[in-house]
Amino acid sequence: MYYTMQGGARAADRLTSIDLRERGDFPLLLERTTRRAAHSAPEPNIDRGRRIVNIVVALIGLVLAAPLMLLIAVLVKLSSPGPVFYKQTRVGLDRRHGRPDTSNSRRRVDYGGRLFTIYKFRTMRVEPVARQVWASREDPRVTPIGRILRKYRLDELPQLINVLKGDMNIVGPRPEQPAIFATLREQIDQYTHRQKVLPGITGWAQINHHYDASIEDVRRKLRFDLEYIQRRSWWEDLKIMAKTLPVMIFRKGGW
């Protein structure tokens, strides 16, 4: 699923144009998984080990991908007017672990987690006015270079910088836009439990399910995200990273 805004980005990460009034019951497995995730305590030792692995892999990835990223940057710049990178605000880790935020009495909006700026290579032509519409497989706004980047998910490479900054891990639930996150948490039970861990570039949901096309797709991916949170470890992260490579190479689920 693609939802686009001024310059565009991957619709798996956007959902505003869906009819969010659509509802349905969770499968029993999802209900059980969400209950376990909801009551599981934070595990700092596990997450610390995972964080170290993710940082090391991100550093190695940046070094190895640097020539490719430089080439992509040049091609993006030459393919259409506009910036090389696309930036957008996303919802990250919720460090409250279910407790209300009392650290700032002036705070008026509960975003569900810490807001951060995510980076991608730009894949669409820049539009003067932001539009909120579906992007099809043959969306005319996607540049020729952008179409290739999306197919192989190379537009996500700049998020290695987000990993080093501490905004993300390589493995974790995909981060969402604040407005869409606010809508989804009202429509889908236990959706906020995705924020118990740092968001990721790839994840258990991404390698097991195609891009979202409906609310039901979001529910299914939530089940995978919560399963991952339950069994997360540095070894599990390495296995998911390895399984991500075939998804990229063979364009599984990519546009």
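Shown are Ile145, Thr123, Leu149; of these, the side chain to side chain contact (heavy atoms under 4.5 Å, CB included) with Ser79 is made only by Ile145. Checked options Leu198, Leu160, Ile201; the residue passing with Met168 is Ile201 (criterion: side chain to side chain contact (heavy atoms under 4.5 Å, CB included)). Put simply, the residue from Lys87, Gln159, Lys165 that forms a side-chain hydrogen bond (donor to acceptor under 3.5 Å, both in side chains) with Tyr119 is Lys165.
Counting only heavy atoms from C-beta outward, the side chains of Pro81 and Val126 never approach each other to under 4.5 Å. You'll find the side chain of Met69 reaches within 4.5 Å of the side chain of Leu157, heavy atoms only. The shortest distance between side-chain heavy atoms of Val84 and Arg122 does not fall below 4.5 Å. Using a 4.5 Å heavy-atom cutoff, the side chains of Met124 and Thr143 are not in contact. The shortest distance between side-chain heavy atoms of Phe224 and Gln206 does not fall below 4.5 Å. Within the 4.5 Å cutoff, the side chain of Pro199 has no heavy atoms near those of the Asn169 side chain. Taking the side chain as every heavy atom from C-beta outward, Arg232 and Val171 never approach each other to under 4.5 Å. Counting heavy atoms from C-beta on, the side chains of Gln177 and Val91 never come closer than 4.5 Å.
Here Phe121 and Phe85 bring their ring centres to under 6.0 angstrom of each other.
Two different hydrophobic clusters hold Leu78 and Leu71 under the rule that ILVMFWY side chains link at heavy-atom gaps under 4.5 Å. Neither Val56 nor Val63 shares a network with the other; the hydrophobic side chains, linked directly or stepwise wherever heavy atoms of I, L, V, M, F, W or Y lie under 4.5 Å apart, form separate groups for each. Follow the hydrophobic side-chain contacts under 4.5 Å out from Trp234 and you never reach Ile52; the two are in separate clusters. Taken together through direct or relayed side-chain contacts under 4.5 Å among Ile, Leu, Val, Met, Phe, Trp and Tyr, Leu245 and Val247 form parts of separate hydrophobic clusters. Residues Tyr86 and Val74 do not share a hydrophobic cluster, clusters being chains of Ile/Leu/Val/Met/Phe/Trp/Tyr side chains in contact below 4.5 Å.
Nearest heavy-atom pair across Pro246 and Ala242 is CD-O, 3.2 Å. Residues Ile229 and Lys196 share a closest heavy-atom pair of CG2-CE, 4.4 Å.
The pair Arg153-Glu156 does not count as a salt bridge, with every side-chain nitrogen at least 4.0 angstrom from each carboxylate oxygen.
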Inset, instruction - List the steps, then state whether side chain to side chain donor-acceptor pair (under 3.5 Å) holds for Asp237 with Asn54. - result: CA-CA 8 Å; Asp237 281 12; Asn54 279 262; 3.0 Å; yes
Inset, instruction - Could you walk me through whether Ser80 and Arg125 pass side chain to side chain donor-acceptor pair (under 3.5 Å), step by step? - result: CA-CA 6 Å; Ser80 66; Arg125 296 180 178 88; 5.7 Å; no
Legend entry - Test side chain to side chain contact (heavy atoms under 4.5 Å, CB included) applied to Arg51 and Val163, step by step: CA-CA 9 Å; Arg51 181 65 187 150; Val163 175; 3.8 Å; yes
Inset, instruction - Check the pair Arg231, Trp204 against side chain to side chain contact (heavy atoms under 4.5 Å, CB included), reporting the backbone distance first and the verdict last. - result: CA-CA 11 Å; Arg231 65 169 189 260; Trp204 185 236; 2.7 Å; yes
Inset, instruction - Check the pair Gln230 / Glu227 against side chain to side chain donor-acceptor pair (under 3.5 Å), numbers first and verdict last. - result: CA-CA 5 Å; Gln230 280 298 114; Glu227 287 176 355; over 6 Å; no
Legend entry - Worked verdict on Asp94 versus Tyr111 for side chain to side chain contact (heavy atoms under 4.5 Å, CB included): CA-CA 9 Å; Asp94 185 356; Tyr111 292 106; over 6 Å; no
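No hydrogens or angles considered: nothing links the side chains of Gln187 and Arg185 as a donor-acceptor pair under 3.5 Å.
The distance from atom CD1 of Ile161 to atom CG of Leu62, rounded to the nearest 0.5 Å, is 6.0 Å. Annotation: the span from Phe116 atom CZ to Ile118 atom CD1 amounts to 5.0 Å, rounded to 0.5 Å. Between the CG atom in Leu154 and the CG atom in Leu75 there is a gap of 11.0 Å [rounded to 0.5 Å]. Rounding to the nearest 0.5 Å places CZ of Arg219 at 10.0 Å from CG of Leu184. Here the CD atom belonging to Glu236 is positioned 11.0 Å from the CE atom belonging to Met241, to the nearest 0.5 angstrom. Rounding to the nearest 0.5 angstrom, the gap separating the NZ atom in Lys239 from the OG1 atom in Thr244 is 13.0 Å.
Side chain of Asn162 to main chain of Thr117: a donor-acceptor pair is present (N/O by atom type, distance under 3.5 Å, no hydrogens or angles). Proximity of a side-chain donor or acceptor of Arg50 to a complementary backbone N or O of Asp47 within less than 3.5 Å is not detected. Although no hydrogens or angles enter the test, the distance criterion places no donor-acceptor pair under 3.5 Å between the side chain of Lys221 and the main chain of Asn208. Of the possible polar contacts, none joining the Arg90 side chain to the Glu176 backbone as a donor-acceptor pair under 3.5 Å is found. Using a distance-only test at 3.5 Å, with no hydrogens or angles considered, a donor-acceptor pair links the side chain of Arg194 to the main chain of Arg174.
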